[in-house]
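The structure appears right after this line, and notes come after that.
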Amino acid sequence: MSLRLYNTLTLQVQPFAPDRDNTVRMYTCGPTVYDYAHIGNFRTFVFYDILRRWLQASGFGLNHVMNITDVDDKIIRNATAQGKSISDYSAIYTKAYFEDSALLRLQKPEHVTPATEHIPEMAAAIRKLGELGYTYEGEGSTYFRISKFPEYGKLSHINFSGNRAGARVDVDEYEKDDARDFVLWKAAKENEPYWDTVVGRGRPGWHIECSVMAIEYLGDTLDLHAGGVDLIFPHHENEIAQSESLTHHPFARFWVHSEFLLVDGQKMSKSLGNFHTLRDILDKGFSPESVRYLLASVPYRKALNFTFDGLKSAATAIDRMRNFALRLATEPFDEGQDAALDERAVQATAAFRESMDDDLNTAEALAATFEYVRDVNIAMDRGAFRTGNRERAQEVLNLFDSVFDVLSTGADSNSLADDKIDALIEERKQAKKSRNFSRADEIRALLADAGVILEDTKDGVRWKRK
RNA sequence: GGCGCGGUAGCCAAGUGGUAAGGCCAAGGUCUGCAAAACCUUUAUUCGUCGGUUCGAUUCCGACCCGCGCCUCCA
């Protein structure tokens, strides 16, 4: 079987493949850079990364666009409060976002597109929508008239009949004809940043940036559009309305959405005191790999309950996997090749692939990997594992790590050079030989302080960095 | 009120109309100068509750209870 994904548009799991030339045209809703991204944001961003990696593992090329929302009410408010320009302000958090992303080993999309670098294109699109009769103006702002788009609600599966109200609902602090209508262009207000464009002086509404940048970089129809479930309505519904009114083509073939992250069973909020940024978590001594593993281990369509116990558990699980990788790399196995063990590796690979193909079932893929690790550990213990089995075993690990990417350590190998470590291990070996165990333990402790852990095995000493 | 999701061992969590993956934690054991690592054994006769369909349901249907999300900015 090949990759199947749950499509919010159809409410079904469907076979996924790009529409043409084997390249997936995908768009994901990126961060709004008004503050440090929190762990909930990263749940979704890690999901994008897992999706990217599995699309690549499935043999597809990738053309992935992610926006950076660098102009919005919160950015303006915070920048103003600090006496900064919005670009100076948002630059701080854009930079922080990419630092955090690198720590979490998130692959960078082929195109990262800041909204403020595409204002003229947005204005042009809004003007075109106006020419096509989809918009109206009020007090210098431009709105999208939902009543002109009969399919509105097809993504969120909301039936809007009888829900018209006609009341003027003040949502974006501007007046609208219909509660569902949304703002495409906001008229400049006192003391707010603005752009002079073909649709007047002001700034873009939120939704238009995604439509315009997606179409500019990827064409009228995307293969895949992703985001968090909270964006289904109204954001993605609005994107569809704008885009399809503009191009008269389906905007995206697949819509995939990641579920929410809860903290200690509750929605994360600053008032509950359960609001965590990645930085906060790392400051408590957890590794970025642990965070990545935890966020990736729960399938994306299930709500993920984040706890620090869960993080500890993730760290231990990673250790188990790393210990296995170390053993595979360093233990001197007997010559030969065990056919059954190679077969076991092939089977593990197939199980892993089948799980990931099944709507990215990471929990099951993990189980397939751990079962394999246990079986091979057993084989190693009883001497059945041979040098000739290394290659296939390594392939299993490589496949696992091509998705989860947690095996390599954070690499602060500046602490102690390898040859220094080897020298100390040699000294300890001599100490042990002369039964000077206190010196041997001293060396172990010394290395431990430097983040190096020694393991005595029947085949000699091996070491790893913590 | 409308729409949707979920309730599986101490915790996280997969899964199926045929009798419960995996990870973490805990206890005991093998190995070991010590410490690790690894392995073994033990830990849900049971899958929110109550009914129904069925030879058989955790898996299908209904009702109920509980938790959560969206409907307004939000990953």
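Lettering of chains follows the sequences in order, A, B, ..., and the numbering in each one begins at 1.
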Rounded to the Å, how far apart are A:Arg444 CZ and B:rA37 P?
11 Å

Is it the case that the base of B:rA75 and the side chain of A:Arg43 share a donor-acceptor contact (distance under 3.5 Å, atom types as modelled)?
no

Examine the base of B:rC34 for any acceptor or donor lying under 3.5 Å from a partner atom in the side chain of A:Asp456, and report the outcome as yes or no.
yes

Is the phosphate of B:rC70 approached by A:Ser156 (side-chain N or O, under 4.0 Å from OP1 or OP2)?
no

Residue pairs passing the ring-ring contact (aromatic ring centres under 6.0 Å, His included) test with at least one member in residues 432-466 of chain A, sequence neighbours excluded, are none

Side-chain N or O of A:Asn361 versus OP1/OP2 of B:rG15: is the shortest distance under 4.0 Å?
yes

List the steps and the verdict of side-chain contact (heavy atoms from CB on, under 4.5 Å) for A:Leu261 and A:Phe42.
CA-CA 9 Å; A:Leu261 174 141; A:Phe42 280 116; over 6 Å; no

Base B:rG69 to side chain A:Asp230, donor-acceptor N/O within 3.5 Å cut-off:
no

Test the A:Arg390-A:Phe333 pair against the cation-pi criterion, namely NZ or CZ under 6.0 angstrom from the six-membered ring centroid and within 45° of the ring axis.
no

Can you check each nucleotide of nucleotides 5-10 of chain B against protein heavy atoms at under 4.0 Å and return B for base, S for sugar-phosphate only, - for none, in 5' to 3' order?
------

Can we say A:Glu289 and A:Arg322 salt-bridge, meaning some charged N sits less than 4.0 Å from an Asp/Glu carboxylate O?
yes

Assign a letter to each nucleotide of nucleotides 19-31 of chain B from its 5' end: B, base within under 4.0 Å of a protein heavy atom; S, sugar-phosphate only; -, no contact.
--BSBSS------

By the definition ring pair (Phe, Tyr, Trp, His ring centres under 6.0 Å), identify the one residue from A:Tyr152, A:Phe182, A:Tyr136 that meets it with A:Phe144.
A:Phe182

Would you mind listing every salt bridge (Lys or Arg N to Asp or Glu O under 4.0 Å) that reaches into residues 92-103 of chain A, with sequence neighbours excluded?
A:Lys95-A:Glu99, A:Glu99-A:Arg279, A:Asp100-A:Arg279

Reading 5' to 3' and counting Watson-Crick or G-U wobble pairs with both distances under 3.5 Å, write the dot-bracket notation for RNA chain B, | for bases paired outside the strand.
(((((((..(((.....[...))).(((((.......))))).....(((((..]....))))))))))))....

Quickly work out the A:Asn323 CG to B:rA35 P distance and round it to whole Å.
17 Å

Please determine whether a side-chain nitrogen or oxygen atom of A:Asn377 lies at a distance below 4.0 Å from atom OP1 or OP2 of B:rC39.
yes

So, is A:Lys267 near the phosphate of B:rC70, with a side-chain N or O under 4.0 Å from OP1 or OP2?
yes

Please measure how far the C1' atom in B:rG69 lies from the corresponding atom in B:rU59, and state the result in whole Å.
25 Å

Rounding to an integer number of Å, can you tell me how far A:Lys464 NZ sits from B:rA35 P?
16 Å

Taking only residues two or more places apart in sequence or in another chain, which ones pass side chain to side chain contact (heavy atoms under 4.5 Å, CB included) with A:Ser297?
A:Tyr293, A:Leu294, A:Leu366

